[in-house]
*Asks:* 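Just dropping this structure here.
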Amino acid sequence: MSVNVFDVLKERGFIAQTTHEDEIRDMLGKEPVTFYIGFDPTADSLHVGHFIQIMVMMHMQQAGHRPIALVGGGTAMVGDPSGRTDMRKMMTIDTIRHNAESFKKQLSRFLDFSEGKAVMVNNADWLLDLNYVEFLREIGVHFSVNRMLTAECFRSRLERGLSFLEFNYMLMQSYDFLMLYRKYNCKMQLGGDDQWSNILGGAELIRRVEGGSAYGMTFTLLTTSEGKKMGKTEAGALWLDPAKTSPYDFYQYWRNVDDADVMKCLALLTFLPMDEVRRLGSLKDEKINEAKKVLAYEVTKLVHGREEADKARAAAEALFGGGGAGAEVPGSTISMVQFRENANIIDILLLLGLIPSKGEGRRLIQQGGIYVNDERIDDIGHTLADNDLKDGSLMIRKGKKVYHKVTVKD
RNA sequence: GGAGGAGUACCCAAGUGGCCAAAGGGGGCAGACUGUAAAUCUGUUAGCUCAGCUUUCGGUGGUUCAAAUCCACCCUCCUCCA
């Protein structure tokens with residue numbers, strides 16, 4: 001092994017906390033290591049927050065280590081209190097099962113699961129059949145409530161309330177680590193920095209029960225320079241599922257990150273060499289737009305593939321760069337009948353889902369935020385006519401950045 | 001189980017009979033300025049058949065010409081006691 005993956009992760013800014021920095025570095029440098037990261041299926045798609053963990057797994061796999069992707073079909077039944085200020089809604093078993101399937105599909109796109117190079121497990125397989133008393137006697141005995149309560153993730157919740165259900169989450173996750181240690185000789189657990197206490201719990205459990213050495217490492221959460229969580233949009237999270245967040249929107253999200261966050265995102269979310277990352281990240285003023293284009297393209301390519309990334313980039317250039325009459329511009333197709341029945345500008349905006357209510361539409365127009373074929377609409381009673389169509393389509397723009405191409409077919 | 005306290009729009013939070021579709025802040029959206037950035041400034045932020053009407057202040061019912069505001073019951077959360 002030429003370059004130690006630990007150094008790579010460190011240089012790129014992934015690592016937040018480690019249990020034993022030197023030992024971990026040594027181990028990763030001299031032998032293939034089996035490690036795991038857990039993903040609780042709380043939604044039907046992974047999002048960008050998960051993607052950073054996936055990046056880590058890819059880096060590790062490339063360095064010859066073996067990732068275990070754990071889908072938390074069992075732990076999702078309980079809900080992780082870490083990083084939450086309020087109680088989670090309990091999820092139904094069917095929902096969790098469905099989500100777990102989606103997670104599996106998405107994860108298998110990023111890692112090579114052939115020939116045992118990576119493993120996918122679901123902790124429902126061992127958690128759901130546990131016997132309560134046995135579990136308490138075998139595992140529960142090793143946990144000190146006093147100590148757990150001093151953990152940051154519980155302390156914040158003591159003020160707002162913490163159910164016994166959630167309190168057990170740490171034990172379940174610790175048990176996962178123990179199971180994987182026994183079954184796969186899994187020696188490391190990685191995760192987001194909010195997982196630190198849970199990871200420590202597992203590493204300590206293994207040391208106590210098995211006398212073995214287990215390690216943990218956490219990664220920076222993706223936050224903006226102002227400390228806000230990244231990957232959140234008004235519509236919710238930035239999903240990896242193209243049906244939930246279109247590749248175009250995904251591209252645009254990264255195209256529009258703050259100047260201050262460009263370098264961090266390039267390091268964490270692309271495989272570009274660090275020299276290049278540093279070069280792009282140090283660009284100033286409007287030059288930094290080049291870096292943002294690279295970022296948007298590279299991340300979209302990783303998540304959605306080259307073809308989708310090309311399309312997203314072409315659409316962006318057509319719309320913002322005044323380039324060719326964009327082919328892959330986001331939009332929708334309606335029938336001639338629909339077009340004529342909704343000729344009123346507000347009706348068509350509503351039909352296209354660009355506004356949530358007519359009141360919103362009136363406001364937008366009154367404030368000059370709606371354009372049809374690049375002409376500002378200033379009358380809330382404006383109606384579209386057939387000759388607004390150019391080659392059977394027209395372009396509606398809302399604000400500065402939201403483009404929607406309407407194609408009308410018979 | 002007992003004693004107190006609280007539940008207001010996307011979030012925080014003011015409002016304790018009419019002047020309340022509800023102050024202020026945050027967030028969002030739009031405009032100006034710009035680099036598809038940030039900061040700043042301005043407007044806006046329940047719905048509709050929009051200078052009028054309808055629905056909204058945990059829920060249900062009541063008092064009143066008039067209720068977010070008063071009364072009754074219920075639900076949820078918090079604190080202290082057991």
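A note on names: the letters A, B, ... follow the listed sequences, proteins ahead of strands, and every chain is numbered from 1.
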*Asks:* Does B:U63 have a Watson-Crick or wobble mate here (both distances under 3.5 Å), and if so which one?
*Replies:*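 In the structure as shown, B:U63 has no Watson-Crick or wobble partner.
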*Asks:* Which residue lies toward the 5' end of RNA chain B, A:G369 or A:D285, if each is placed at its nearest nucleotide?
*Replies:*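 Checking each residue's closest nucleotide, the 5'-ward one belongs to A:G369.
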*Asks:* Consider side-chain contact (heavy atoms from CB on, under 4.5 Å). Of A:D129, A:N122, A:V121, which one does A:D125 pass it with?
*Replies:* A:N122
*Asks:* For A:D378 and B:A30, what is the distance between atoms CG and C1' respectively, to the nearest whole Å?
*Replies:* 15 Å
*Asks:* If you take the centroid of each ring, where Trp contributes its six-membered ring, are A:H65 and A:F35 closer together than 6.0 Å?
*Replies:*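 When the ring centroids of A:F35 and A:H65 are compared, they turn out to be at least 6.0 Å apart.
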*Asks:* Would you kindly give the CD-to-P distance between A:E360 and B:G47, to the nearest whole Å?
*Replies:*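 In whole Å, B:G47 P and A:E360 CD are 8 Å from each other.
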*Asks:* Checking contacts here: which listed nucleotide (B:U36, B:G47, B:A37) is nearest the side-chain heavy atoms of A:S357?
*Replies:*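 Closest nucleotide to the A:S357 side chain: B:G47.
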*Asks:* Find the partner of B:G4: check Watson-Crick (N1-N3 plus N6-O4 or O6-N4) and G-U wobble (N1-O2, O6-N3) distances, both under 3.5 Å, and reply none if neither fits.
*Replies:*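 Because both required distances fall under 3.5 Å, B:G4 counts as paired with B:C78.
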*Asks:* Could you tell me the separation between the CD1 atom of A:I380 and the P atom of B:U49, rounded to a whole number of Å?
*Replies:*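 Taking CD1 of A:I380 and P of B:U49, I get 10 Å after rounding.
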*Asks:* Between A:W239 and A:D44, does any side-chain donor sit less than 3.5 Å from a side-chain acceptor?
*Replies:* no
*Asks:* Under 4.0 angstrom, heavy atoms only, what part of the nucleic acid is A:K292 near: base, sugar-phosphate, or nothing?
*Replies:* base
*Asks:* Is the closest side-chain donor-acceptor distance between A:N198 and A:Q195 under 3.5 Å?
*Replies:* yes
*Asks:* State which of B:U45, B:A30, B:U36 makes the closest approach to the side chain of A:R363.
*Replies:*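 Nearest nucleotide to the side chain: B:U45.
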*Asks:* Who is the Watson-Crick or G-U wobble partner of B:U16, with both distances under 3.5 Å?
*Replies:* none
*Asks:* Please determine, by modelled atom types, if A:S45 and A:Q106 share a side-chain donor-acceptor pair under 3.5 angstrom.
*Replies:* yes
*Asks:* Between the base of B:G31 and the side chain of A:Q367, is there any donor-acceptor pair under 3.5 Å?
*Replies:*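 Result: no qualifying N/O pair found.
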*Asks:* Roughly how many Å is it from NZ in A:K287 to C1' in B:G35, rounded to a whole number?
*Replies:* 12 Å
*Asks:* Roughly how far apart, to the nearest Å, are B:C20 and B:A68 at atom P?
*Replies:* 12 Å
*Asks:* Considering only the P atoms, how many Å lie between B:G25 and B:U60, rounded to the nearest integer?
*Replies:* 32 Å
*Asks:* Taking atom CG of A:L149 as the centre, report whether more than 12 heavy atoms of other residues, nucleotides or ligands fall under 6.0 Å from it.
*Replies:* yes
*Asks:* Sticking with atom C1', work out how far B:C70 lies from B:G17, rounded to a whole angstrom.
*Replies:* 8 Å
*Asks:* Taking atom C1' in both B:A9 and B:G47, what distance in whole Å separates the two?
*Replies:* 13 Å
*Asks:* OH of A:Y403 versus C1' of B:A30: gap in Å, rounded?
*Replies:*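 These atoms are roughly 15 Å apart.
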*Asks:* Measuring from the side chain of A:Q252 (C-beta onward, heavy atoms only), which nucleotide among B:G35, B:U36, B:G47 has the closest atom?
*Replies:* B:U36
*Asks:* Select base, sugar-phosphate, or nothing to describe what A:V262 touches, counting heavy atoms under 4.0 Å on all strands.
*Replies:*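 Contact class for A:V262: none.
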*Asks:* In whole Å, I'd like the distance from the CG atom of A:N256 to the C1' atom of B:A38.
*Replies:* 12 Å
*Asks:* Taking atom P in both B:A23 and B:C57, compute the distance separating them and give it to the nearest angstrom.
*Replies:* 16 Å
*Asks:* Polar pairs (N or O, both sides) under 3.5 Å between protein and nucleotides 52-56 of chain B?
*Replies:*
none

*Asks:* Taking atom types as they are modelled, is there a donor-acceptor pair under 3.5 Å from the base of B:U34 to the side chain of A:E286?
*Replies:*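 By the distance-only test, no, there is no pair.
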*Asks:* Can you tell me, in whole Å, how much space there is between the P of B:G31 and that of B:U36?
*Replies:*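 The answer is 14 Å between these two P atoms.
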*Asks:* Using side-chain contact (heavy atoms from CB on, under 4.5 Å) as the criterion, list what pairs up with A:R207, not counting sequence neighbours.
*Replies:*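 Applying side-chain contact (heavy atoms from CB on, under 4.5 Å) to A:R207 gives A:H20, A:S213, A:Y215.
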*Asks:* Please determine, for B:A30, whether a Watson-Crick or G-U wobble partner exists with both distances under 3.5 Å, and give it or none.
*Replies:*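 Base-paired to B:U42.
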*Asks:* Taking a pair as Watson-Crick or G-U wobble with both distances under 3.5 Å, which nucleotide is matched to B:A9?
*Replies:*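 For B:A9, the partner nucleotide comes out as none, under the 3.5 Å rule.
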*Asks:* So which nucleotide from B:C33, B:U45, B:C48 ends up closest to the side chain of A:K358?
*Replies:* B:C48
*Asks:* Ignoring the backbone of A:L364, work out which of B:G31, B:G35, B:C29 is nearest its side chain.
*Replies:* B:C29
*Asks:* Looking only at the side chain of A:K400 (C-beta and beyond, no hydrogens), which of the listed nucleotides B:A37, B:C33, B:C29 gets closest?
*Replies:*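 Output: B:C33.
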*Asks:* Can you tell me the distance, in whole Å, between the OH atom of A:Y248 and the P atom of B:U36?
*Replies:*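 Answer to the nearest Å: 13 Å.
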*Asks:* State whether the number of non-hydrogen atoms from other residues, nucleotides or ligands found under 6.0 Å of A:K117 atom NZ is greater than 12.
*Replies:* yes
*Asks:* Could you measure between the two C1' atoms, the one in B:U49 and the one in B:G28, and give it in whole Å?
*Replies:*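 Per the computed distance, 28 Å lies between those C1' atoms.
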*Asks:* With a cut-off of 6.0 Å (strictly less than), are more than 12 heavy atoms of other residues, nucleotides or ligands near CG of A:D386?
*Replies:* yes
*Asks:* To the nearest Å, how far apart are A:D261 CG and B:U36 P?
*Replies:* 18 Å
*Asks:* Can you tell me the Watson-Crick or wobble partner of B:G47, both distances under 3.5 angstrom?
*Replies:*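 B:C53 is the nucleotide pairing with B:G47.
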*Asks:* Should the ring pair A:F164 and A:F167 be called parallel, tilted or perpendicular, given that the plane angle runs from 0 to 90° and is split at 30 and 60?
*Replies:*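 Correct class here is tilted.
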*Asks:* Could you please name the option among B:G31, B:U36, B:A38 that lies closest to any side-chain atom of A:R376?
*Replies:*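 Of the options given, the side chain of A:R376 lies nearest B:G31.
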*Asks:* Nearest of B:A37, B:A30, B:U36 to any side-chain atom of A:K398?
*Replies:*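 Side chain of A:K398 sits closest to B:A30.
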*Asks:* Using the P atom as the point on both nucleotides, what is the distance between B:A66 and B:G18, in whole Å?
*Replies:* 14 Å
*Asks:* Base, sugar-phosphate or nothing for A:I288? Non-hydrogen atoms, less than 4.0 Å.
*Replies:* base
